[in-house]
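Here's the structure we're looking at; comments come further down.
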Amino acid sequence: MKKDITSRNDIEQIIKLFYDLSFQDERLGRIFKEISPLHLETHIPLVADFWEGILLDGDKYRGNVTEKHFNVNSLTTLTKSDFDDWYSYWERAVDILFEGKKAEMAKFRARSIADIMSYKMDYINQQTKS
Ligand code: HEM
């Protein structure tokens, strides 16, 4: 039986595996490597701050995650299918490494955030089309 998520180090493992997997995806890989290139040394700690706040009661994250993705969306239109693919790599990374209540929460919250972001991006993209 796998263990559950209990530390920031666990969260960082998920994020690293998530990027290992998604960098190999044609579309997401292109976004992460070329369209809005990620600098993983600084990006991973920020994403870990974000998830520590959700899963382990941390309060280090000071960014605006939706705003960041509006910026990405202005470089390339983010669609529901992009968010679904994003989620499928996140789910896979969590499932490969962990199991338990926090692992379920990591997937459930990611799905909800992805759905909300997807809805917001669709809304903005419809407005800018008409
Ligand atoms: C289509 C799906 C997604 C794509 C293509 C994507 C892409 C990106 C990119 C390129 C950045 C770096 C932006 C920058 O530094 O200017 C970023 C940041 C980030 N993303 Fe995503 N993302 C997606 C979905 C999500 C979802 C669903 C979550 C959360 C559940 C998430 C969490 C984050 C966080 C926490 C950051 C760091 C924000 C910060 O720098 O303050 N992303 N994303």
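Both ligands and their constituent atoms are indexed starting at 1 by order of listing.
- Here Trp90 has no heavy atoms under 4.0 Å from ligand 1, in either its backbone or its side chain.
- Under the 4.0 Å criterion applied to side-chain N and carboxylate O atoms, Arg111 and Asp84 are assigned as salt-bridge partners.
- In this comparison of Phe83, Phe18, Trp86, Phe50, the heavy atom closest to atom 4 (C) of ligand 1 sits on Trp86.
- Those atoms of ligand 1 that come under 4.0 Å of a heavy atom in Leu38, given as number and element, are 9 (C), 10 (C), 11 (C), 12 (C).
- Looking only at heavy atoms of the protein, atom 7 (C) of ligand 1 is closest to Phe32 CE2, 3.4 Å.
- For atom 10 (C) of ligand 1, the closest non-hydrogen atom on the protein side is Ser36 OG, 3.4 Å.
- In this structure, Trp86 has its ring center closer than 6.0 angstrom to the ring center of Phe18.
- In this structure, a donor-acceptor pair under 3.5 Å is absent between the side chains of Thr77 and Asn73.
- Two residues are said to be in side-chain contact when any heavy atoms from C-beta on lie closer than 4.5 Å; Lys107 and Glu104 meet this criterion.
- With respect to atom 39 (C) of ligand 1, the closest heavy atom belonging to the protein is Tyr61 OH, 3.4 Å.
- Side-chain atoms of Lys102 come within 3.5 Å of backbone atoms of Leu55 as a donor-acceptor pair (strictly under, hydrogens ignored).
- Closest heavy-atom approach to atom 40 (O) of ligand 1 among the candidates Leu46, Val72, Asn73: Leu46.
- Atom-to-atom distance recorded for Asn125:CG and Leu78:CG is 7.5 Å, nearest 0.5 angstrom.
- Across Lys33, Met121, Lys68, heavy-atom proximity to atom 14 (C) of ligand 1 is greatest for Lys68.
- Within the structure, the closest approach of Tyr87 to ligand 1 does not fall below 4.0 Å when heavy atoms are considered.
- Ligand-side atoms of ligand 1 in range of Asp82: 1 (C), range being under 4.0 angstrom from any heavy atom.
- Taking every non-hydrogen atom of Ala114 and a distance limit under 4.0 Å, the qualifying atoms of ligand 1 come out as 27 (C).
- Connection of Ile124 to Tyr119 is not established within any shared hydrophobic cluster, with ILVMFWY side chains joined at heavy-atom distances below 4.5 Å, either directly or through further cluster members.
- Residues Ser81 and Arg27 bring no donor and acceptor atom of their side chains to less than 3.5 Å of each other.
- Nearest-residue assignment for atom 43 (N) of ligand 1 (options His39, His69, His43; heavy-atom criterion): His69.
- Ring geometry for Tyr19 against Phe23 counts as perpendicular: the plane angle is over 60°, on a 0 to 90° scale with 30° as the lower cut.
- Ligand 1 is never approached by Asn71 to a heavy-atom distance shorter than 4.0 Å.
- Per-residue contacts place Val65 under 4.0 angstrom from the following atoms of ligand 1 (heavy atoms of the residue considered): 32 (C), 33 (C), 34 (C), 35 (C).
- Judged by the shortest distance from any of its heavy atoms, Trp51 lies inside the 4.0 Å radius around the atoms of ligand 1.
- Cluster membership for Trp90 and Ile116, using ILVMFWY side-chain heavy atoms within less than 4.5 angstrom, is not shared.
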